[in-house]
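Working notes for the structure below.
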Amino acid sequence: MKKYLALLAALMFVACGSSNNDISDVPVPDIPLNPPATHAKTVKPKGVWIDASANLERFATKDNIDIYLQRIKDTGFNQIYLDVKPGIGYALYNSDVLPTLKTWGSTTINGDWDYLGYWIEKATAIGIDVIPTISTLGYGDANNKQGLVYDDMKWDGKTQMRMDGNNSDKLVDMRDEKNVDAVMLNPCIPEVQQLVLSVVGEIVTRYPKIKGICLDYCRWWSEDFGFSPATMDAFSAYIGQNVSSRNQIITQSGNQGDLYKRWVEFRSQTITNLVTNIRDCVKNINDSVGVYLWASADWGTRYLYGQNWASNTYEPTANNIYTSSYGMTGFAEQLDAFILGAYTEYVWKSENPNSVWTVENFVTTYNSWIKNACKTYGSIQVYNMNVSKISDAIYLCLQHTDGLMVFELSHIINNGIWSQIKDGIDRAEK
């Protein structure tokens, strides 16, 4: 284990210098339109996510950037989360590390200007902070067979892999999968962590005016992935014993093997090491740049993805999933802000009783895990939420967390919900 952790820690010095489901009949508590003012309100961060693939053609011209930036500001946002290294593994910024994104699927853009640089110039001029986002481990588009992992054979054996039918001797490379958001590299491998840190370091160095950098897809793809030979070697080093068969982790019948709990801890520790190295990289270059990370708000399922966003002081009860030391893999202390992904169509607890999946539940319980280790911004999606509930969801985020992030701009535009978002922001800030 010590050898494994030391290897990953050393990398720092290498790389850095809407559906309309009608739930209106469900009773919900009233929100006062004009709550009594007890003290001056702090202006909280309010961001909108701008996905690369969904907006590739829309923002192929500078004029459209100018138009929508003003609309974003008028709605009440003061931050944008700008996707500049999407899951295909190409760059929408001036990069010496990655190829420039020119073609994605059937879409081709021919911009000869600095996409990220222009957004920063125009946004900061009108008081909007820019937070570049990256698909941290995503480097290929499996559906179109495009991207870095398809361009260069050096990544052979370094993508995430799963067992086929829980057969310990038969693996499926993620590059050969379909219907995955991105082909993800294996975070156990030093060369992969070096690439990630090089991308992060380049962005922070070249664009000193950014507010922060936000990590997306900083995880294992799912519980099925992570069984490559390189991962098995790293796991063996972590636990200090030889793992003779992958079925010691997941049996052929799909049950938990004898090493399952230690596997869960190992996968989480691997991601926490990566997040820690990224933070060190950012802060060594520019301490004023924040480290942000988006993840699902449902902490109880994040062990499946190796993504323990809790404080390292949170100690879950040891059971058939968690070891007694699992809590030490929490990475909240490594973040300046955690973007709490309350991505559900249900806003109020009364709309989805006996389930954690409501915006209200997520934004009122997150600190049980975070324990004030970092700022937390409530985040909602607007592609699958009843339009009449959007204002409520935004109000809840701003009332109960340190800020707001709305996913995603193309859905706002396509569904024409600017006014509902503005209403939620205005209600919270009165």
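- Side-chain N/O atoms of Q160 and S228 include no donor and acceptor closer than 3.5 Å.
- Cation-pi geometry between R302 and Y305 is satisfied (NZ or CZ under 6.0 Å from the ring centre, within 45° of the ring normal).
- Residues N352 and E345 bring no donor and acceptor atom of their side chains to less than 3.5 Å of each other.
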Do V363 and T401 pass the side-chain contact (heavy atoms from CB on, under 4.5 Å) test, and can you show the C-alpha distance, the side-chain angles, and the key distance before you say yes or no?
-> CA-CA 6 Å; V363 302; T401 77; 3.9 Å; yes

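- Contact check for I421 versus I390: side-chain heavy atoms found under the 4.5 Å cut-off.
- When ring centroids are compared, F407 and W294 stay outside the 6.0 Å threshold.
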Begin with the C-alpha distance, continue with both residues' side-chain angles, and end with the deciding distance and a verdict on side chain to side chain donor-acceptor pair (under 3.5 Å) for T376 and N367.
-> CA-CA 9 Å; T376 301; N367 209 39; 5.8 Å; no

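- With contacts defined as side-chain heavy-atom distances shorter than 4.5 Å, the pair L274/L215 does not qualify.
- Within 6.0 Å of atom NZ in K209, 12 or fewer heavy atoms from other residues, nucleotides or ligands are found, so the atom counts as exposed in its surroundings.
- For CD of E57, the number of neighbouring non-hydrogen atoms (other residues, nucleotides, ligands) closer than 6.0 Å is 12 at most.
- Counted within 6.0 Å of CD on E177, heavy atoms from surrounding residues, nucleotides or ligands total more than 12; the atom is thus considered enclosed.
- Side-chain contact annotation: Y139 with D151, donor-acceptor N/O pair under 3.5 Å absent.
- For the pair I50 and L409, the tightest heavy-atom approach, listed with the atom from each and the gap, is CG1-CD2, 3.9 Å.
- Taking a cutoff of 4.0 Å between a charged side-chain nitrogen and a carboxylate oxygen, R206 and D96 qualify as a salt bridge.
- S268 and N308 share no donor-acceptor pair across their side chains, judged by distance under 3.5 Å alone.
- For the residue pair T317 / N319, no side-chain donor-acceptor distance below 3.5 Å is found, with atom types taken as modelled.
- Two rings, from W263 and Y260, have their centers 6.0 Å or more apart.
- Within 6.0 Å of atom NZ in K375, 12 or fewer heavy atoms from other residues, nucleotides or ligands are found, so the atom counts as exposed in its surroundings.
- Between I278 and L197 the shortest side-chain heavy-atom distance falls below 4.5 Å.
- Between H411 and the choices W49, Y383, Y343, the ring pair (Phe, Tyr, Trp, His ring centres under 6.0 Å) rule is met once, by Y383.
- Taking the ring axis of Y377 as reference, the NZ or CZ atom of K46 does not stay both within 45° of it and closer than 6.0 Å to the ring centre.
- No side-chain heavy atom of V382 sits under 4.5 Å from any side-chain heavy atom of N415.
- In this structure, the side chain of D336 does not engage the main chain of Y292 through any donor-acceptor pair within 3.5 Å.
- The closest side-chain heavy-atom distance from F331 to W309 is below 4.5 Å.
- Counting heavy atoms from C-beta outward, V183 and L148 have side chains that stay 4.5 Å or more apart.
- Checking T358 against E360 by side-chain atom types alone, no donor-acceptor pair falls below 3.5 Å.
- For Y314 and W299, the gap between ring centers is short of 6.0 Å.
- For the salt bridge (charged side-chain N to carboxylate O under 4.0 Å, His left out) test, no residue two or more places apart in sequence or in another chain qualifies with K73.
- Between F59 and Y68, the distance separating the two ring centers is shorter than 6.0 angstrom.
- In the model, Q70 has no side-chain atom that pairs as donor or acceptor with a side-chain atom of D66 under 3.5 Å.
- At a cut-off of 3.5 Å, with distance as the only test, a side-chain donor of S95 or E202 sits close to an acceptor on the other residue.
- Checking E265 against T329 by side-chain atom types alone, no donor-acceptor pair falls below 3.5 Å.
- Contact of the N179 side chain with the N143 side chain is registered, since non-hydrogen atoms from C-beta on lie closer than 4.5 Å.
- Between the side chains of S391 and R427, at least one donor N or O sits under 3.5 Å from an acceptor N or O.
- Aromatic ring centres of W155 and Y150 lie farther apart than the 6.0 Å criterion allows.
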